[in-house]
Amino acid sequence: MFDKYRIVSSLGEGNSSEVFLVEHRKLKAYRAVKCIKKTALVRQPQLLLEADILKNLKHPGIPTIYDVEEDDNNYYIIEEYIQGQSLEAFVLRQDCISIDTVIQIVLQLCDVIKYLHDQKPEPVIYQDLKPEHIILCGERMVLIDFGISAYITTSGNTFQNFGTHGFAPPEKYQGIACDLRADIYGVGKILEFMASKALPEEFQILKPFVDKATAYSMEARYSSVEALELDLRQALPCGNQKNHSTTIRHLLTEIAVAGTQRRIGTTHLAVSLTCFLNQNHRPCIYQEYYPSDCMRLLIKEGCGYIRNDGLISYEKFLGIPYYGAGIERQEQLNGLYVQDYGIHIQEIAEEEKPFVLVMGSRPWEFEQTKRLLEKISRRSNLVLICNYGNSIRAKQLARIYHHRVYCFPLDADPFRMTGEKRKLFQKLLRQEGW
């Protein structure tokens with residue numbers, strides 16, 4: 001491709017265009033290339049408007065456009081390749097999403113839409129807000145696919161043929177002039193989509209904002225994205241998130257996790273805890289502290305990718321695989337580390353860091369658990385977790401050792417946040433003062 005790029009794969013195809021993943025030959029960097037058929041421009045001249053709009057936009061939540069090329073048959077828009085998970089895929093994989101996560105993602109979306117609406121001399125209307133157009137890259141949210149975005153004039157535009165059913169506002173179907181409040185409707189539908197996975201009492205907190213943003217009449221909606229943003233900030237459980245982050249940043253830097261024996265769910269719990277903390281905007285990184293193939297198998301199964309800094313990223317999970325004792329561990333990154341020691345309890349027995357011990361609860365595992373607890377039960381900062389949802393065994397251990405014992409529920413997917421897991425981790429962090 002123009003002697004600059006090597007095509008890696010196709011990322012998607014539509015009626016008039018196809019998107020490729022390419023590698024820049026000299027820079028060794030990935031790019032996304034949108035290939036638009038020139039024959040399609042006769043019917044849809046707005047297809048090239050995407051490049052014209054993007055070239056003037058500079059925002060962390062919007063892909064960077066690098067170049068536009070053409071040949072006899074096609075135009076090619078070369079953009080930043082966004083690696084991450086779509087909001088649609090993330091939400092559909094969760095049984096439960098905290099109100100804090102919902103609001104934080106929507107606030108980032110509001111910031112992008114506000115930036116578009118503030119463009120001079122003419123505001124930009126995005127027009128096609130939907131979950132698959134929002135990519136989550138760790139703590140960063142990126143809005144992609146500006147294929148039907150447009151400049152909006154003071155006289156308004158109809159754009160009645162554009163949008164996605166279920167997310168497009170009513171005026172799109174009525175053939176009347178729409179304005180920037182069409183995007184406010186889209187933000188409201190995104191908020192509704194995410195809030196559907198919140199706890200019932202938290203959904204009721206968000207429902208008035210959804211109703212106002214998605215009102216049938218344009219006049220009844222929020223007059224601006226800023227107004228919706230203000231209401232959402234006031235609804236945050238912990239007030240202003242920026243101030244809250246600086247308050248909790250120094251409370252905890254590492255949590256060690258180990259198990260009494262093999263195959264009792266130590267890695268499963270450590271991964272789940274990492275996902276929970278990241279989903280609730282406490283930057284967290286999982287770290288393998290013993291030789292294991294778990295992280296590499298994750299990549300092999302197509303779950304996530306290895307970033308340039310060596311971290312493995314998948315949905316709300318960030319992890320550092322075990323690279324060997326000869327390689328310095330990567331602890332210069334900000335955030336909390338959940339350190340998976342496997343069964344190597346002796347390596348952390350004398351350290352003062354918070355220590356989570358995962359215990360087996362089956363009859364053949366109980367004796368090993370008791371012998372080990374007799375040695376370490378008086379250790380400070382020790383948290384005991386009984387696996388497999390065995391609350392009876394958890395209460396029995398708590399009576400024997402006069403120590404709180406938490407019960408981890410039966411769980412099939414460590415990356416999926418269920419209501420049971422969320423309540424467990426909230427209770428644990430609160431009761432342990434973490």
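- Side-chain N or O atoms of Arg93 include none that pairs as donor or acceptor with a backbone N or O of Arg416 at under 3.5 Å.
- Note on Asp231 versus Lys212: no salt bridge recorded, every NZ/NE/NH1/NH2 to OD/OE distance being 4.0 Å or above.
- Judged purely by distance below 3.5 Å, without hydrogens or angles, the side chains of His268 and Asn387 never pair a donor atom with an acceptor atom.
- Between Phe20 and Ser10 the shortest heavy-atom distance is CD2-CA, 4.1 Å.
- In this structure the side chain of Leu311 never reaches within 4.5 angstrom of the side chain of Met295, judged on heavy atoms.
- Rounding to the nearest 0.5 Å places CZ of Phe317 at 10.0 Å from OG of Ser272.
- Between Glu18 and Lys37, none of the side-chain N atoms (NZ, or NE/NH1/NH2) sits under 4.0 Å from a carboxylate O, so this pair counts as no salt bridge.
- For the atom pair CZ of Phe193 and CG of Leu92, the computed distance is 4.5 Å after rounding to the nearest 0.5 Å.
- Residues Asp67 and Tyr76 bring no donor and acceptor atom of their side chains to less than 3.5 Å of each other.
- When only modelled atom types and interatomic distance are considered, Asp340 and Tyr322 share no side-chain donor-acceptor pair under 3.5 Å.
- Using modelled atom types, one finds no donor on one side chain facing an acceptor on the other under 3.5 Å when comparing Ser86 with Glu88.
- Looking at Lys197, its side chain never comes within 3.5 Å of a backbone N or O of Val102 through a donor-acceptor pair.
- Here the straight-line distance linking atom CD1 of Ile255 with atom CD of Gln287 works out to 12.5 Å at 0.5 Å rounding.
- Inter-residue side-chain proximity for Leu206 and Ile103 is flagged as met; some heavy-atom pair is nearer than 4.5 Å.
- Between His24 and Tyr5, the ring planes are perpendicular. Angles over 60° get that label, and only those under 30° would be called parallel.
- Under 4.0 Å is where a charged nitrogen must lie from a carboxylate oxygen, and between Glu229 and Lys114 at least one such pair does.
- To the nearest 0.5 angstrom, Ile134 atom CD1 is 9.5 Å from Ile144 atom CD1.
- With contacts defined as side-chain heavy-atom distances shorter than 4.5 Å, the pair Val383/Pro354 does not qualify.
- Between Glu432 atom CD and Asn381 atom CG the span is 8.0 Å, to the nearest 0.5 Å.
- Each of Arg140, Lys34, Arg31, Lys58 was checked for a salt bridge (charged side-chain N to carboxylate O under 4.0 Å, His left out) with Glu80, and the lone residue meeting it is Arg140.
- The CD1 atom of Ile62 sits 11.0 Å away from atom CD of Glu79, with the distance rounded to the nearest 0.5 Å.
- Counted within 6.0 Å of CD1 on Ile392, heavy atoms from surrounding residues, nucleotides or ligands total 12 or fewer; the atom is thus considered open.
- Ionic pairing of Arg221 and Glu171 is present here: one or more N-O contacts between side-chain nitrogen and carboxylate oxygen are shorter than 4.0 angstrom.
- Residues Tyr341 and Tyr290 keep their aromatic ring centres 6.0 Å or farther apart.
- Listed for the Gln94 side chain is a donor-acceptor partner under 3.5 Å among the backbone atoms of Met417.
- What you find for Cys284 and Val338 is that their closest heavy atoms are SG-CG2, 3.5 Å.
- Between the side chain of Glu420 and the main chain of Pro409, no donor-acceptor pair closer than 3.5 Å is present.
- Atom NZ of Lys353 is surrounded by more than 12 heavy atoms from other residues, nucleotides or ligands within 6.0 Å.
- Nearest heavy atoms, Ala51 versus Val68: CB-CG2, 3.9 Å.
- Geometrically, Lys130 does not engage Phe167 in a cation-pi contact defined by less than 6.0 Å to the ring centre and at most 45° from the axis.
- For Gln83 and Tyr30, the side-chain atoms include no donor-acceptor pair closer than 3.5 Å.
- The local environment of CZ in Arg263 is sparse, with at most 12 non-hydrogen atoms from other residues, nucleotides or ligands closer than 6.0 Å.
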Dump the intermediate steps for side chain to side chain contact (heavy atoms under 4.5 Å, CB included) on Asp128 and His133, then the final yes or no.
CA-CA 8 Å; Asp128 199 18; His133 283 175; 3.2 Å; yes
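- Between the side chains of Lys172 and Gln127, at least one donor N or O lies within less than 3.5 Å of an accepting N or O.
- Between the side chain of Asp183 and the backbone N or O of Tyr126, at least one donor-acceptor pair lies under 3.5 Å.
- Between Lys207 and Glu192 there is no salt bridge, since no side-chain N of the basic residue sits under 4.0 Å from a carboxylate O of the acidic one.
- Partner Phe415 forms a ring pair (Phe, Tyr, Trp, His ring centres under 6.0 Å) with one of Phe90, Phe276, Tyr314, Tyr286 and no other, that one being Tyr314.
- Considering only heavy atoms from C-beta on, Val405 comes within 4.5 Å of Met359 through its side chain.
- Within a 6.0 Å sphere centred on NZ of Lys427, heavy atoms belonging to other residues, nucleotides or ligands number 12 at most.
- Side-chain contact, Glu50 with Ser149: no donor N or O sits under 3.5 Å from an acceptor N or O.
- Side chain of Asn74 to main chain of Glu70: no donor-acceptor pair is present (N/O by atom type, distance under 3.5 Å, no hydrogens or angles).
- Of all heavy-atom pairs spanning Ile125 and Cys178, the tightest one is CD1-SG, 4.4 Å.
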